[in-house]
Colleague: 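Got a structure for you, questions after.
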Amino acid sequence: MIQVSGYGALNANASIAPIQFERRELGDKDILMDILYCGVCHSDIHMARSEWGPSVYPIVPGHEIVGKISQIGPGVTQFKVGDMAGVGVFVDSCRTCPSCKKGQEQYCDEGFTPTYNGYYRDGITPTFGGYSKQYVVDEAYTLHIPFTQELERVAPLLCAGITTYSPLKYAGVGKGHKVAVLGLGGLGHMGVKFAVAMGAEVTMLSTSPSKEKDAKMLGAHHFALSTDQDQMKALRGKFDFILNTVAAKYDLNKFLDLLTVEGKMLLVGIPPEDNELGSAKLISRRRSIIGSNVGGIAETQEMLDYCAEHDILSDVEMIQMKDINEAYTRISNSDVKYRFVIDMTSL
Ligand code: NAP
Ligand code: ZN
Ligand code: ZN
């Protein structure tokens, strides 16, 4: 086994602190990557604190990982030592169900193997995430990094990027569409960038008045305060799509009102407490809600290549590993511009 240093939590109430754990020795198709950067997703907080149900402890979060390959198994063909590589939200799946065969491993019938907070296919070996020095991963679940610079700004693409790119692509968002992005955090800021790049007219809906200037800088054409009743009233029936990234308790129905007839809400935020749905809001205007979970490996590669082509990167605040608990507090207070990324050399 390979001994690895990382940062993790021993239970739902513990802070994130130094931890030692083991990863498997390299198999035939495995690569070993030395982690350079790891983004901090709100899902890390939900899971570290068991906000979505009991997590697997000890937990080492982190699923926006960029690193340099330092070793490869004998059967590896797609990567070589020295290559930059990425790991996102999952590191394996059954590989045989219809979704896996379609390259939509995120919807695997047997459930994907999460990068952390879960078990490998044997059902007993726990997975540990990217708040650590090294990761061992099958090359089939590893991404090529089509960037040579600013790799810290690439890391968040592995979750925040694909999670917003995938539903916008699936919905066919493009020129002539009015799109609202709800919540300007890690996912929201990538959602704005992608929706603008795809040609839509984009409105940022935020609870934070202080974010208006940044929303425009990120490319949003308009900004509205979702806490202002008059502004919300004026936007009723206006949006073809709402990309919903809210991470905390809120009133979902208030935002369904903003959709056109046949408008669609693309739902990606997963607050710990579920919302009550007012069915009439959907039925009276043939509106729908489409849930979406990250993206498959092929689509994640497509998204990375799209970002390289369109010059899209995440806007990040760099932190040292030891400052992770403070970062969690700030994210929970909607105070991040717009993704924290850990410099893993600080571990
Ligand atoms: P984040 O950086 O914390 O951003 C969430 C934003 O939501 C906040 O910045 C805030 O923006 C807004 N918000 C917070 N509380 C709110 C409230 N009470 N009412 C309305 N808006 C509120 O989080 P993230 O990393 O982007 O993740 C967002 C959510 O998506 C999390 O629940 C995460 O677990 C989930 N997620 C899902 C997937 C998936 O595959 N579906 C993947 C990754 C993450 P404003 O200040 O602009 O209001
Ligand atoms: Zn995530
Ligand atoms: Zn499968």
Side-chain angles (χ1 to χ4, degrees), residues 38-49 51-52 61-65 88-90 92-117 121 129-130 155-167 181-192 204-212 214-215 218 220 223-227 243-252 254-255 266-273 275 290-296 300 314-315 317 327-340:
C38 185
V40 182
C41 180
H42 205 121
S43 304
D44 295 350
I45 304 177
H46 292 316
M47 289 192 269
R49 297 178 178 164
E51 290 178 353
W52 292 335
H63 60 205
E64 293 182 337
I65 306 169
V89 167
F90 56 91
D92 206 350
S93 62
C94 85
R95 307 182 188 214
T96 56
C97 75
S99 292
C100 283
K101 287 217 160 114
K102 271 195 286 190
Q104 296 178 351
E105 303 89 350
Q106 74 274 33
Y107 302 122
C108 175
D109 283 352
E110 294 180 18
F112 61 58
T113 302
T115 301
Y116 69 88
N117 187 30
R121 303 316 288 175
L157 302 178
L158 276 312
C159 175
I162 184 60
T163 300
T164 48
Y165 177 87
S166 183
V181 177
L182 183 52
L184 183 44
L187 267 55
H189 95 288
M190 291 311 305
V192 168
M204 184 71 229
L205 299 178
S206 173
T207 60
S208 309
S210 61
K211 293 182 183 173
E212 175 163 4
D214 286 352
L218 292 164
F223 179 92
L225 255 191
S226 57
T227 47
L243 178 66
N244 179 349
T245 77
V246 177
K249 192 172 163 51
Y250 71 110
D251 179 8
L252 171 74
K254 175 169 113 178
F255 296 103
L266 311 173
L267 183 59
V268 293
I270 317 171
E273 250 178 282
N275 258 288
I290 302 174
S292 188
N293 197 7
V294 287
T300 304
S314 179
D315 288 32
E317 286 191 55
Y328 274 23
T329 304
R330 282 190 50 199
I331 293 171
S332 303
N333 293 330
S334 301
D335 174 24
V336 50
K337 292 184 170 187
Y338 279 90
R339 196 56 134 190
F340 287 112

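Atoms within a ligand are numbered from 1 in the order they appear, just like the ligands themselves.
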Colleague: Which angle, to 10 degrees, forms at the Zn ion (ligand 3) with SG of Cys94 on one side and SG of Cys100 on the other?
Modeller: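 Roughly 120°, rounded to 10°.
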Colleague: Flag Gly183 as yes when one of its N or O atoms lies below 3.5 Å from any N or O atom of ligand 1, and as no otherwise.
Modeller: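 By distance alone, the answer is no.
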Colleague: Taking both backbone and side-chain atoms of Lys211, is any N or O found less than 3.5 Å from an N or O belonging to ligand 1?
Modeller: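 N/O-N/O distance below 3.5 Å exists for this pair.
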Colleague: Answer with yes or no whether Ser292 contacts ligand 1, where contact means a heavy atom under 4.0 Å from a ligand atom.
Modeller: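 Checking ligand 1 against Ser292, which is what was asked, there is a heavy-atom contact under 4.0 Å.
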Colleague: May I ask whether Gln106 has any heavy atom positioned less than 4.0 angstrom from an atom of ligand 1?
Modeller: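 No, Gln106 has no heavy atom closer than 4.0 Å to ligand 1.
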Colleague: Say whether Phe223 and ligand 1 are in contact under the criterion: heavy-atom distance to a ligand atom below 4.0 Å.
Modeller: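 Distance cut 4.0 Å: Phe223 fails for ligand 1.
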Colleague: If you compare all heavy atoms of Phe90 against all heavy atoms of Gly295, which two are closest, and at what distance to 0.1 Å?
Modeller: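 Heavy atoms of Phe90 and Gly295 come nearest at CE2-O, 3.4 Å.
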Colleague: Heavy atoms only: which of Ala215, Gly291, Ser206 is nearest to atom 47 (O) of ligand 1?
Modeller: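 Minimum heavy-atom distance to atom 47 (O) of ligand 1 goes to Ser206.
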Colleague: Do Gly188 and ligand 1 have an N or O pair less than 3.5 Å apart?
Modeller: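 Checking ligand 1 against Gly188, no N or O pair falls under 3.5 Å apart.
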Colleague: Examine Cys159 against ligand 1 and note whether any of their N/O atoms are separated by less than 3.5 Å.
Modeller: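 Checking ligand 1 against Cys159, no N or O pair falls under 3.5 Å apart.
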Colleague: Would you say ligand 1 has an N or O under 3.5 Å from any N or O of Arg339?
Modeller: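 Such a contact does occur with ligand 1.
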Colleague: In ligand 1, which numbered atoms sit nearer than 4.0 Å to a non-hydrogen atom of Val294?
Modeller: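 Numbered from 1, ligand 1 contributes 39 (C), 40 (O).
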Colleague: Indicate whether the side chain of Asp44 and that of Tyr328 have a donor and an acceptor atom separated by less than 3.5 Å.
Modeller: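 No.
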Colleague: Is Leu205 in polar range of ligand 1, meaning some N or O pair under 3.5 Å apart?
Modeller: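 So ligand 1 has no N or O lying under 3.5 Å from an N or O of Leu205.
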Colleague: Which of the listed options, Leu187, Asp214, Val246, holds the heavy atom that is closest to atom 21 (N) of ligand 1?
Modeller: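 Ranked by closest heavy atom to atom 21 (N) of ligand 1, first place is Val246.
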Colleague: Looking only at non-hydrogen atoms, find the nearest pair between Val192 and Met204 and report the distance.
Modeller: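 Here Val192 and Met204 meet closest at CG2-SD, 3.7 Å.
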Colleague: Could you tell me whether some N/O pair between Pro271 and ligand 1 is separated by less than 3.5 angstrom?
Modeller: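 Between Pro271 and ligand 1, no N or O pair is found under 3.5 Å apart.
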